[in-house]
Amino acid sequence: MSTDKKDTSSMEKLVSLCKRRGFIYQSSEIYGGIGGFWDYGPLGAELKRNLRDTWWRAMTREREDVVGLDATIIMHPQIWKASGHVDTFTDPMADCLLTKKRFRADHVDLQSGMVYHFTGATGEEGTKSDVPFAVLTPFGKPRESALKVAKLFYESRGVKTPEPTGGEQGEKVENTRAYNPENGAQLTEPRPFNLMFKTYVGPTATEKDVAYLRPETAQAIFAQFRNVVDSSRVKVPFGICQIGKAFRNEVTPKNFTFRSREFEQMELEFFIKPDEAVEILAGSVVTWSEGADLSAPQPNWGWDMWHRYWVSQRVEYYNSIGLGTDVLDYYWQGPDDLAHYARACVDILFKFPFGTEELEGIAARGDFDLSQHQKHSGKPQEFFDDELKVAAAKLTDEQKEALIQKRIAFEAAKTKGTPLTEAEVRAWFDRLFKGFYVPHVIEPSAGLDRLALAVLAQAFTEEEKADVNGKTEVRTIMRLHPRIAPIKVGVFPLLKNKPELVGKAREVYDLLKKHMNCFYDETAAIGRRYARQDEAGTPFGVTIDFETLGEKGDEFKDTVTVRERDSNAQERVKISDLLGWLLQRLS
RNA sequence: GCGGGUGUAGCUCAGUGGUAGAGCACUUCCUUGCCAAGGAAGAUGUCGCGCGUUCGAAUCGCGUCACCCGCUCCA
C-alpha cells in the first residue's frame, strides 16, 4: 500500500519548520523527549482546532442525519473484550535468537525432535560467550546440523570460528513452540505484546481493577448506541460521530506524528438498514455500479451504495480544505485483506513525503460491532423500525420464504467466518418481519493528527527569491487553505515610528480580532513581516499606510492594502468593507 | 525488539583533550514609503542525560534517552 517514494530531506525541513514556528514540538523535550508523543504549539493548536471544526461541521452540523457524542477515554473493560481488542492486542511475541525474526508465540507450528542445549562457545583470539543456546533438530537428523546453527549463533555474537560447548546429548521434545520452525534456533521467551495502554481504576490496583485507555473512539459509539436512539429521535439510517483521543502502545512510532502512541481520531458510525429490510421497504435494492449518482442518499440504497456515498463525501471534505485529487490516493482492500466481519474497506491515502500512507479508512462492517455488544452485554441492540413492521406484514408467506432462501444461499457461499445456520437465519428473519434488526454500519475513521501532518506537508513550499540586494535565498511558504490556516490575517502598520499609522493599525486589529484569529506585528521591515506570516501560513496581510491616512487624496482615505500570500497580489480595500472581504475569502 | 546514523545557542551547523564559536533568528535604539533593507548595542548554552578515564572531556570509553533510516510489527 505504501509506495517507494521517499523524500527525507523535505520531511526534515517540515519537522524543523514545525518546531521553529510553533506548530509541533516533541513532548517532554526538556527531559529528553518521550517516544511517540507530540505536542502542538501555538500555531499547531489553532490549525488542529480548525481541522477539528471543519470535520465536525461537515459531519454533523451541516447534516440532519448525524449526531455527535463525546465519550470517556477509559471505559468498562468488557467493551474491549466484546470488540476483540483484548485478545488481539495481547499477542505474546517471541523472537528467533539467530535471525531476530519475530513470531506470534502462540502461532508457531508445533514441532517435535531432539533439542541440543549449548552452554556457550569459545573461539579464536580469546573470543568467547557464556550465553546458553538451544537448537531443535527433527528426529533422524544428525547432531552436526544443530552444531551448525549454534556456530552461526555464536558467530553472530562475536565469537570467531566458535566451538560451542555442551550439547553432547540431545533431549527428546514433543509439541513445542519454543523453536524457529525455519532453522530450529531457540526463540526468546514469549513476551506479551499489548498495544493497549493499561491502567487501574480505583485505589487497589489489582488485576480486578485493570482498565484500558481506548485504542479507538468507535467502541464508545457502539456502547452508547441505545442511549442515542432512545434520547434523540434518530431513525435508521443515521450516524453518530465523535472526535477524541485514542492510545496505542505502538511498537515503532514513526514518521514524525504519523504513527504516535497518543493520537486523535475523528470517527463516524453510520447505521443503515440491512439490505433485506431495504428490499422489503423499497421493493428492490440498488447496488453500486460505475457512475452511479451518489449526490443524495436514496431509500433503496444497499450497503455498498452507502459505502461509496461516504467515500465520496469524505473526498469532498478533503477537497474543501485544500487536499485535492492530485495528493490523494485510494487502496481498496481485497477479499483477503478484509477482516471476516468486514464487507468492504477503502483507505484514503495521502502522498506524504515519506510515502503514500493512510489518512482515513472507510469500512463497511456489517452488524458485527453492535451484535458483539448485544452478545456480551446481554442488552438488545436492535432498532425497531415501525415502517418495516408494516411493510413486512403485507408480504405473502411465499415472498418471505424467498427472502429467507436467498439469505440461506448467501450464507452457504461464505468463505470467511462462520456462516449462519438455517435456524439462525430463520430466527433473524423472524425478528426482521416484526420490524427489529441490528443496524449495519459504515465507518469512516480518520486521524486528526495525520490530517494535520498531511495539510502541513501539502502546504510546505519553498521558493527562490531575490531580496532587495539581489541575493537569492530560499523562502518557505505554508500554502494552507484559508479555512484551516491558524492565523487568518496579519495587521501591519507600514512604519512603527509614525503614531498615526500604529494607531490606525490597532483600530483595524481590534475590528478584526473578534471575528478571526489575527496577528499584529509592527517590528522590522514590512517585507520581513510578510515573510514571517508566509511561514506561518497566514493567507492575508493588511497594511496600514499613508494612503489610509488620506495623504494621497480622499479616494484612498480609510483604505488598506490587502496582500495575498500565494500570489503576492495587493488590493486596496476600504476598512468598512474589510471584514466582509476577508470573511468571504475564509469560508 | 534488532542493525546503522544523528544529538553543540531558537534554527542550520563548525569545533579530534587545554578559555564554547559562526551565520541566520531574537531584544532595544536609530534609520526605513510594500515583499527576509542598513547601522549600533545586547541577550542567549545542563555541548541530549548519567557514570568513568584524565591535571583537564563537547572531544576518549561505557551506559542510557530521543530522533532519523532499514528490519520487525501494524486489530
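Below, chains carry the letters A, B, ... as their sequence lines are ordered, and counting in each starts from 1.
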Relative to A/Y530, does A/R563 satisfy both conditions: NZ or CZ under 6.0 angstrom from the six-membered ring centre, and within 45 degrees of the ring's axis? yes

Indicate the atoms forming the closest heavy-atom contact of A/A536 with A/M478, along with that distance. C-CB, 4.4 Å

Closest to the A/R475 side chain, choosing from B/rA37, B/rA36, B/rG33: B/rA36

Roughly how many Å is it from CZ in A/R529 to C1' in B/rC26, rounded to a whole number? 16 Å

Less than 3.5 Å between a donor and an acceptor, one on the side chain of A/E535 and one on the base of B/rA36, is that the case here? yes

Which of the following nucleotides, B/rC34, B/rC67, B/rU32, is nearest to the side chain of A/L495? B/rU32

Under 4.0 Å between a side-chain N/O of A/N255 and OP1 or OP2 of B/rC69, yes or no? yes

May I ask you to verify if any side-chain N or O of A/K19 is less than 4.0 angstrom from the OP1 or OP2 atom of B/rG10? no

Rounded distance in Å - CD (A/E463) to P (B/rA36): 12 Å

Going by modelled atom types, is there a donor-acceptor pair between the base of B/rC74 and the side chain of A/R259 at under 3.5 Å? yes

Could you state the CG-P distance from A/D545 to B/rC35, rounded to the nearest angstrom? 12 Å

Salt bridge (Lys or Arg N to Asp or Glu O under 4.0 Å) with A/D558: which of A/K504, A/K552, A/R572? A/K504

Is the distance between the ring centroids of A/F225 and A/F271 less than 6.0 Å? yes

Tell me whether the side-chain N or O atoms of A/R528 pair up with the base of B/rC35 as donor and acceptor below 3.5 Å, since no angle test is needed here. no

Taking CG from A/D521 and P from B/rU32, how many angstroms apart are they, rounded to a whole number? 19 Å

If you measure from the Lys or Arg side-chain nitrogens to the Asp or Glu carboxylate oxygens, is any gap between A/E564 and A/R585 under 4.0 Å? no

With a 4.0 Å limit, can you tell me whether A/R20 has a side-chain N or O closer than that to the phosphate oxygens OP1/OP2 of B/rG10? no

Output the rounded distance in Å from CD (A/E522) to C1' (B/rU27). 14 Å

Expressed in angstrom and rounded to an integer, what is the separation of A/L14 atom CG from B/rC67 atom P? 17 Å

Determine the Euclidean distance between corresponding P atoms of B/rG15 and B/rU8; express it in Å to zero decimal places. 14 Å

N/O (side chain, A/R532) to phosphate O (OP1/OP2, B/rC26) under 4.0 Å: yes

Per nearest nucleotide of RNA chain B, the residue lying toward the 5' end, A/F256 or A/K552, is A/K552

Ignoring hydrogens and angles, answer whether the base of B/rC11 and the side-chain atoms of A/S16 contain a donor-acceptor pair closer than 3.5 Å. no

Round to a whole Å and report the spacing from NZ of A/K504 to P of B/rG33. 21 Å

From CG of A/L359 over to P of B/rC74, roughly how many Å is that when rounded to an integer? 22 Å

